[in-house]
Visitor: 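Please read through the structure below; I'll follow up with questions.
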Amino acid sequence: GGDPDALAQVHEIAWEMEAGSICGLGQAAALPLTSWLRHFGEGADGGPDPAG
Amino acid sequence: MDQIRRAEATIDGERHVFRPGETILQALSRAGRDDEIPALCHDPRLEPAGVCRSCLVEIDGWRRLAPACRTPLTDGMVVRTRSERIERHRRTLFAMYLADNVDDEAASEALRPSELHRWAKRCGARPIADRLPARRARRRPAPNPYVAFRPERCIACARCTRYCEEVEGVSAITLADRGAYTTIATTDDRSLLETSCELCGGCIDVCPTGAMVEAMPLREGRLGRRPLRTVRTTCNYCGVGCQLDLQVDPQAREGRGEVVAVTSPPPGTLPNDGNLCVKGRFAYRFIHHRDRLRTPLVRDRDGRLREAGWREALTRAAEGLERVRRRHGAHALGFVSSSRCTVEENYLVQKLARAVFGTHNVHQCAAT
């Protein structure tokens, strides 16, 4: 499992990169990360088994 | 007669009539509200850059947040400077800036409060995780005596480089490298003394975090030791009459006080708009110089100078000057003052030369 605080911070940074970046490079930079978290992070269908 | 309808925008529910081309931030500034929005890369003397991203606001109909410093108002525009989205943005942005910057305590050791840390506190931002090492490069050793750069405080807002280019017009410093490594540099990493730098200190004045800082008080350990008194005065050096602020340590020199630095008054302060030159900014050390005379000195027949009282010294000077005037005429006299004297003292010297002794032979090192 991951540190929930750290994961929350990662989500915040990803959000800020999209919301605050001056150009498309920054706006898209966090997409691979958020995409991975959505599909393979904790709680996702492809994610780790919470039971162990 | 038809009434001409003025262009209007709404900011936080308030109507603002604006001039063509005026930005959101400029309109707020005119309304006295510019302290409500962080704008770390902005200075009224500079072209807006929009690089720090701290001034982002919401505009109706715009999908993205917009930089208030760079976005011109349009007729009917509806702007919001406060919202949950903006608060979340500011909190996260400042947390990211703090991640590889100094802590509050270090930031407070400065002549000017750090705008970054002040806003971070105001927005409830805390550093992301354990502090990251700052990757911005230091300057090479062999420093100049006046301008120091502390990269651990730099946020690459480019106020300093833009001031150097747009206001001073010499482009002595520039941003170098990329990403987390972005730092301030000179050509070939030269000392500022070997560049076009005029040592105006504008880079120090505009720096929002104290990364660019006065070297003398820094190396003397004077920053943040005691609260300093600010004394607004007129520069003594030339005829422009620039306003500057003396930073005085009231307890130094056994309570007699000491000027430890000079800072700029805010932009907009006439006549110099907060801009200074090398003399006004850095040449204040004559004030407490140990070579300054403390008592009058007179020269005896053996040619040596000795201490004397005011009465004796003034009498000697008056008698000598009068003797020359009688024997050789007024124009055999010359009066030399100093730009390190006050305006008032220099006025008196020229009055003495012209009205008392009758000669125009009077000068001082900054007279134009």
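Here is how names work: the chains are called A, B, and so on, in the same order as the sequence lines, proteins then strands, and each is numbered from 1.
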Visitor: Measuring from atom OG of A:Ser21 to atom CG of B:Leu56, what distance do you get when rounded to the nearest 0.5 angstrom?
Guide: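 Rounded to the nearest 0.5 Å, the OG-CG separation comes to 9.5 Å.
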Visitor: Name the region of A:Glu18, side chain, backbone, both or neither, that has any atom closer than 4.5 Å to a heavy atom of chain B.
Guide: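 Both backbone and side chain.
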Visitor: If a pair satisfies side-chain hydrogen bond (donor to acceptor under 3.5 Å, both in side chains) and one of its residues is in residues 32-41 of chain A, list it, with sequence neighbours excluded.
Guide: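 Output for this query is empty, none listed.
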Visitor: Between atom CD1 of A:Ile22 and atom CZ of B:Arg64, what is the distance when rounded to the nearest 0.5 Å?
Guide: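 A:Ile22 CD1 to B:Arg64 CZ: 11.5 Å, rounded to 0.5 Å.
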Visitor: Indicate every side-chain donor-acceptor pair of residues 88-101 of chain B with a distance under 3.5 Å to a residue at least two apart or in another chain.
Guide:
| from | atom 1 | to | atom 2 | distance (Å) |
| --- | --- | --- | --- | --- |
| B:Arg88 | NE | A:Glu12 | OE1 | 3.1 |
| B:Arg88 | NE | A:Glu12 | OE2 | 3.3 |
| B:Arg88 | NH2 | A:Glu12 | OE2 | 2.8 |
| B:His89 | ND1 | A:Glu16 | OE1 | 3.0 |
| B:His89 | ND1 | A:Glu16 | OE2 | 2.9 |
| B:His89 | NE2 | B:Arg53 | O | 2.9 |
| B:Arg90 | NH2 | B:Thr81 | O | 3.3 |
| B:Thr92 | OG1 | B:Arg88 | O | 2.8 |
| B:Tyr97 | OH | B:Cys52 | O | 2.7 |
| B:Asp100 | OD2 | B:Arg136 | NH1 | 3.1 |
| B:Asn101 | ND2 | B:Arg153 | O | 3.3 |

Visitor: Should we say atom CZ of B:Arg70 is surrounded by more than 12 heavy atoms from elsewhere, each under 6.0 Å from it?
Guide: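 For B:Arg70, atom CZ is not crowded (no more than 12 foreign heavy atoms under 6.0 Å).
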Visitor: Please indicate whether B:Arg126 has more than 12 foreign heavy atoms, meaning atoms of other residues, nucleotides or ligands, lying under 6.0 Å from its CZ.
Guide: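 No, because the 6.0 Å sphere around CZ of B:Arg126 holds 12 heavy atoms or fewer from other groups.
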